[in-house]
Amino acid sequence: MKTRLIAAGLGAGMALSLGVLPGLAQAQQAPAPAWAQGRPDSMATSSLAPHAPRLTVTPPDQLPLPALKVPAGFKVELWAHGAPGARMMAEGPNGTVFVGTRAIGRVYAISDQGGQRQVRTVAGQLNNPNGIAVRDGALYVVAINRVLRWDGIEGKLDNPGAPTDLTAAFGLPTEEHHGWKFAAFGPDGRLYLNIGVPCNICEYNRDTHALIVSFNPDGSGRRIEGKGIRNSVGFDWNPATRELWATNNGRDWAGNDMPNDTLHRIRRSGEDHGFPYCASNWRDPAIASGPATCSEFAAPAALLGPHVAALGMRFYTGTAFPAEYRNQIFIARRGSWNRDRLSGYDVAVAKLDAQGNVTGVEPFLTGLRDEANNRFLGRPVDVLVRRDGSLLVSDEQNGAIYRITHGN
């Protein structure tokens, strides 16, 4: 893969010519961490860096539940806790909620036991098992490049046994930078996955990365659904039109307000959305090759805010919320790190008109960002519409899941 990294370093020859010890020369050559790739020299002393997730159990009395706010008529409550690093969610046919993680390497199963939630670890020691999907009673777990399937999982939560390993059939890339997956089965029965770009900003093989792809459930029949989508960690289908929609994370180190994270409406398989050349109508100056303007690419359906880390999204398909929320898009915005003033750390709702166009994006669940002190209390990563019409929200930082309902 041809990759042009926007970075610079000292060569070993220069270090030795200056009389630097070999060990020090090696240290000076060490590449910057992945999150710093693309950082301009003018920001070399910046204090901006990713916020490490908390990977231990947070007791219920230490959760930020009192700070959470939802619109009038709604109620938010704690649904489950004790699932460190909780991220992407999927519901099984018997109501079990399966939860993926990243750094902690676990997959949880959360089920109701006499009105209380029991949290089990059904898989562990995996490399970023973020992708979770359920079909015909089978749990699919997608790690960086592994695809595993547990058949009849809800009947054996205490002893899941060995999975069927589909890794070779899917043949996913192995890069870890933006290599974690979101997974979901589409209305066509195919398993859809994201493949993030292995850099912050670079040139790369546009047929292997920055994609949303789909497969038959056995890993055959790979098809590119959307390309030029830098790093989507959430997508869903419009229940009325069956069109695929996806969130996307813009690149870092282009300033506090550039570029926006985006929401994409993918109208046909293979549609090109412009990365690395364009983010919305902004032509990225870091990439000299490619078209001069962004007009040839599909424009985003909506801008979601700079560096907000828009991740899990779902169309609201229930009937328990007021009519104005039905078939609208709920989006978890995990929150910024590459920004002096924090942004995101909430759940927003994108409102669509009858033609499927976004008319606005407004906050729905707030309170996890302490604006006065520029700090955060939690990090929402995914949303899930349950069969009873309630909305679950996973909080990675606190290992908790909140439940939002309407009415009494």
Asks: For M88 and V233, work out which heavy atoms get closest and say how close.
Replies: CE-O, 3.1 Å

Asks: What are the two closest non-hydrogen atoms of W282 and A254, and how far apart are they?
Replies: CH2-CB, 3.9 Å

Asks: Answer whether the closest heavy-atom distance between the side chains of F376 and W337 falls below 4.5 Å.
Replies: no

Asks: Out of curiosity, D346 CG to E362 CD, how far, rounded to the nearest 0.5 Å?
Replies: 11.5 Å

Asks: Given 3.5 Å as the limit, does a donor-acceptor pair link the side chain of W180 with the main chain of N127, or not?
Replies: no

Asks: Donor-acceptor pair, distance only, cut-off 3.5 Å: does the side chain of D284 make one with the backbone of C278?
Replies: no

Asks: How many angstroms lie between CD1 in I195 and CG in N231, if you round to the nearest 0.5 Å?
Replies: 11.5 Å

Asks: With distance as the sole test, does S111 use its side chain to make a donor-acceptor pair with the main-chain N or O of T96 at under 3.5 Å?
Replies: no

Asks: Kindly compute the distance separating CD1 (I212) from NZ (K227), expressed to the nearest 0.5 Å.
Replies: 13.5 Å

Asks: Could you tell me whether a side-chain N or O of D353 sits under 3.5 Å from a main-chain N or O of G356, the two making a donor and an acceptor?
Replies: yes

Asks: Evaluate the side-chain proximity of P380 to L368: yes if any heavy-atom separation is below 4.5 Å, no if none is.
Replies: yes

Asks: Looking at E324, I want to see if its CD is surrounded by more than 12 non-hydrogen atoms of other residues, nucleotides or ligands under 6.0 Å.
Replies: yes

Asks: For the CG atom of L211 and the CG atom of D272, what is their distance to the nearest 0.5 Å?
Replies: 9.5 Å

Asks: Regarding R223 and N216, is there a side-chain donor-to-acceptor distance under 3.5 Å anywhere?
Replies: no

Asks: So for atom CD, which belongs to Q116, do other residues, nucleotides or ligands contribute more than 12 heavy atoms lying within a distance under 6.0 Å?
Replies: no

Asks: Flag the pair N260 / S280 as yes when at least one side-chain heavy-atom distance between them is below 4.5 Å, and no otherwise.
Replies: no

Asks: Side-chain donor-acceptor pair under 3.5 Å between H177 and Q37, yes or no?
Replies: no

Asks: Is it the case that D218 and S220 place a side-chain donor and acceptor less than 3.5 Å from each other?
Replies: yes

Asks: Would you find a donor on one side and an acceptor on the other, under 3.5 Å apart, between the side chain of N248 and the backbone of R230?
Replies: yes

Asks: Establish, from distance only, whether the side-chain atoms of S343 and R333 form a donor-acceptor pair under 3.5 Å.
Replies: no

Asks: Please step through side chain to side chain contact (heavy atoms under 4.5 Å, CB included) for the pair V99 and R87, ending with a clear verdict.
Replies: CA-CA 6 Å; V99 184; R87 285 176 59 95; 5.6 Å; no

Asks: Spell out, as yes or no, whether a donor-acceptor pair under 3.5 Å connects the side chain of R190 to the backbone of S214.
Replies: yes

Asks: State, with a plain yes or no, whether a side-chain heavy atom of P84 is found less than 4.5 Å away from one of T56.
Replies: no

Asks: Hey, can you tell me if H51 and Y345 have their rings parallel, tilted or perpendicular (30° and 60° cut-offs)?
Replies: tilted

Asks: Without swapping roles, check the side chain of N374 against the backbone of D340 for a donor-acceptor pair under 3.5 Å.
Replies: yes

Asks: Compare all side-chain heavy atoms of V349 with those of Y316 and state whether any distance is below 4.5 angstrom.
Replies: no

Asks: Considering only NZ, NE, NH1 and NH2 on the basic side and carboxylate oxygens on the acidic side, decide whether R39 and D252 come within less than 4.0 Å.
Replies: no

Asks: After noting the C-alpha distance and the side-chain angles of F275 and I201, does the key distance pass the side chain to side chain contact (heavy atoms under 4.5 Å, CB included) rule?
Replies: CA-CA 9 Å; F275 184 83; I201 177 65; 3.9 Å; yes

Asks: Among R334, R54, R379, find the one that has a salt bridge (Lys or Arg N to Asp or Glu O under 4.0 Å) with E396.
Replies: R334

Asks: Can you find a pair of side-chain heavy atoms, one from V383 and one from I331, that are under 4.5 Å apart?
Replies: no

Asks: Can a donor-acceptor pair be found, under 3.5 Å and without considering hydrogens, that links the side chain of Q62 to the backbone of P60?
Replies: no

Asks: Using only atom types and a distance under 3.5 Å, with no angle test, would you say the side chain of H81 pairs donor to acceptor with the backbone of Y402?
Replies: no

Asks: With side chain to side chain contact (heavy atoms under 4.5 Å, CB included) as the test, would you mind laying out the steps for L48 and H307 before giving the verdict?
Replies: CA-CA 12 Å; L48 294 175; H307 308 296; over 6 Å; no

Asks: Is there a side-chain contact between T262 and L303, using heavy atoms and a 4.5 Å cut-off?
Replies: yes

Asks: Which atom names give the shortest non-hydrogen contact between I266 and A246, and what distance separates them?
Replies: CD1-CB, 4.5 Å

Asks: Could you tell me whether the side chain of H178 and the main chain of C199 form a donor-acceptor pair under 3.5 Å?
Replies: yes

Asks: Quick one: list whatever passes ring-ring contact (aromatic ring centres under 6.0 Å, His included) with F364, sequence neighbours left out.
Replies: F74, Y325, F330

Asks: Would you call D388 and R403 a salt bridge, taking side-chain N to carboxylate O under 4.0 Å as the test?
Replies: yes

Asks: When you compare the side chain of I224 with that of D207, does any pair of heavy atoms fall below 4.5 Å?
Replies: yes

Asks: Do you know the tightest heavy-atom contact between L193 and A183?
Replies: CD2-CB, 3.5 Å

Asks: Report the distance from atom OH of Y277 to atom CZ of R283, rounding to the nearest 0.5 Å.
Replies: 8.0 Å

Asks: May I have the list of side-chain donor-acceptor pairs in residues 138-148 shorter than 3.5 Å, sequence neighbours left out?
Replies:
from, atom 1, to, atom 2, distance (Å)
R146, NH2, D165, OD2, 3.4

Asks: Rounded to the nearest 0.5 Å, how far apart are CZ of F182 and CG of D382?
Replies: 5.5 Å

Asks: Any chance you could lay out the side chain to side chain contact (heavy atoms under 4.5 Å, CB included) test for Q397 and T58, step after step, and finish with the verdict?
Replies: CA-CA 9 Å; Q397 191 70 18; T58 304; over 6 Å; no

Asks: Looking at every non-hydrogen atom in both residues, tell me the closest pair between N256 and P306 and how far apart they are.
Replies: O-CB, 3.6 Å

Asks: Nearest heavy-atom pair of V107 and P129: which atoms, and what distance?
Replies: CG2-CB, 3.9 Å

Asks: Any chance the rings of Y192 and W237 have centres within less than 6.0 Å?
Replies: yes

